[in-house]
Amino acid sequence: MARPASTGQQRGVLHPSFQSEAGMMPFSDRTDLANIQHAFRLLTSPDSETSALAKSLLKRVAEWKLGRPALEEDLAAYLSGKLDGDFARDGGDITSLWSDARNVSRRLSKRIGVQWVHNPTLGDITIKLPNAGKTPKEISLPAVARDPGTPFYIILIKKPNQGKVYEVTCRSKSFNGFINSGRYMRFADWRLIHSARLNGLPLIDVIIDVAIPIENRLVAFKDARERKISKYTPLANKLREKGWEVFLDAFLVGPLGGWDNDNEKVLRALDISPRYSTVMRKLSSGLGISTWSI
């Protein structure tokens, strides 16, 4: 058995469960999103005093940065993280909720296209996102992530290993109902499916050939092990060239119940517990004897 040493980032987990994954947003993105939502809800609060105070404080912070009176469109540009024009002026930065929202918006604009815009018709500030049809209060990273036009989806689909299964499974809601509840399948299968879909199964990086040489002195076992290792060395080298970590060895038992002590390192490579190793030695010897009788 063999597997790559690393399958890369498992971006599929950030997609919603009905699209076949766990709906778990990266913590940094969750924090950034909460910051933007908090700032927006203050500016659009149904309480007029709250919204007026929030806008007044935002205007004061923007004016400190600009070094001049701020217009409505300047407030949107400030929150979007604009760095050219008057915003390129040195100094004037004040640490506040609004400066945090500005920094966060600049980060997310590169990832998912977040932008603050001024609506001259309504005379207010709103948030623009690439996934049309979402109002700012409905914005969430799960909603953004499932949009086929967002970088999250595009990056995942382009991955040669992790994207190929997801491209199929994300298209049907009915085949992904088990993701959260685990209904209609065994627990062992439920634990397996998440890693399997992302091509990240924790397989052991080993190539092992089981051989049963006749007990013609110790040299027979030694020669058999060397032949097996020599036989599979080219395959192991090819896997290593592809970046895989490979353990290569032989597992020898004799048809008359002989056991090669060099098998112990194979047991350790397979991470077999000491207790079961004792049982496995006896089972292997019994298997060797059964081949003799055949």
Side-chain angles (χ1 to χ4, degrees), residues 9-65 70 72-83 87 92-119 122-156 166 170 176 179-180 194:
Q9 296 179 347
Q10 299 185 355
R11 290 181 174 270
V13 296
L14 60 80
H15 291 262
S17 58
F18 70 81
Q19 282 191 318
S20 82
E21 295 304 337
M24 296 173 60
M25 298 297 102
F27 183 75
S28 59
D29 290 336
R30 284 179 176 270
T31 303
D32 288 348
L33 178 66
N35 192 309
I36 290 180
Q37 288 179 323
H38 180 53
F40 179 81
R41 286 169 179 165
L42 286 176
L43 292 173
T44 59
S45 172
D47 181 82
S48 58
E49 292 185 5
T50 300
S51 59
L53 177 60
K55 193 168 187 179
S56 174
L57 294 174
L58 169 60
K59 186 174 182 181
R60 185 182 305 177
V61 172
E63 289 176 346
W64 270 93
K65 178 61 179 174
E72 290 288 326
E73 52 267 31
D74 291 330
L75 302 184
Y78 175 82
L79 289 173
S80 293
K82 188 176 180 181
L83 297 174
F87 288 102
D93 293 301
I94 301 176
T95 302
S96 65
L97 179 148
W98 307 109
S99 64
D100 289 344
R102 169 182 168 84
N103 294 332
V104 165
S105 299
R106 187 164 62 246
R107 285 198 299 269
L108 289 183
S109 66
K110 299 176 182 179
R111 293 170 61 81
I112 57 178
V114 170
Q115 184 181 7
W116 295 77
V117 295
H118 173 244
N119 189 326
L122 300 178
D124 60 6
I125 301 174
T126 187
I127 298 177
K128 182 180 179 181
L129 277 181
N131 56 335
K134 292 289 179 183
T135 64
K137 288 187 179 181
E138 294 174 328
I139 292 171
S140 63
L141 276 180
V144 174
R146 67 171 171 258
D147 190 319
T150 59
F152 296 124
Y153 181 90
I154 295 172
I155 292 174
L156 177 62
Y166 181 81
C170 71
N176 298 306
I179 293 293
N180 287 334
H194 301 287

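Count residues from 1 along the sequence. Computed from a predicted structure; not experimentally measured.
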**Complete:** Closest heavy-atom pair, Ser99 versus Ser96, reported as atoms and distance to 0.1 Å, is OG-N, 2.7 Å
**Prompt:** With no hydrogens and no angle check, is any side-chain donor or acceptor of Asn35 less than 3.5 Å from a backbone partner on Thr31?
**Reply:** no
**Request:** State, with a plain yes or no, whether a side-chain heavy atom of Tyr78 is found less than 4.5 Å away from one of Ile125.
**Result:** no
**Flag, side chain of Ser109 to backbone of Arg106, donor-acceptor distance under 3.5 Å** = yes
**Asked** Can you check whether Arg102 reaches Val61 side chain to side chain, under 4.5 Å on heavy atoms?
**Response** no
**Asked** Below 4.5 Å, heavy atoms only, C-beta onward: do His118 and Leu75 meet side chain to side chain?
**Response** no
**Asked** Does the side chain of Ser105 reach to within under 4.5 Å of the side chain of Ile36, using non-hydrogen atoms?
**Response** yes
**Closest non-hydrogen atom pair between Leu97 and His38, with its separation** = CD1-CD2, 3.2 Å
**Prompt:** Counting only N and O atoms by type, is there a donor-acceptor contact under 3.5 Å from the side chain of Ser45 to the main-chain atoms of Leu42?
**Reply:** no
**Message:** Would you compute the distance between atom NZ of Lys55 and atom CD of Glu72 and round it to the nearest 0.5 angstrom?
**Reply:** 3.5 Å
**Message:** Using modelled atom types and a 3.5 Å cut-off, is there a donor and acceptor pairing between side-chain atoms of Ser80 and backbone atoms of Trp116?
**Reply:** yes
**Asked** With a 4.5 Å heavy-atom cut-off, do Leu79 and Leu58 have their side chains touching?
**Response** yes
**Complete:** In this structure, NZ of Lys65 is separated from CG of Leu83 (nearest 0.5 Å) by 7.5 Å
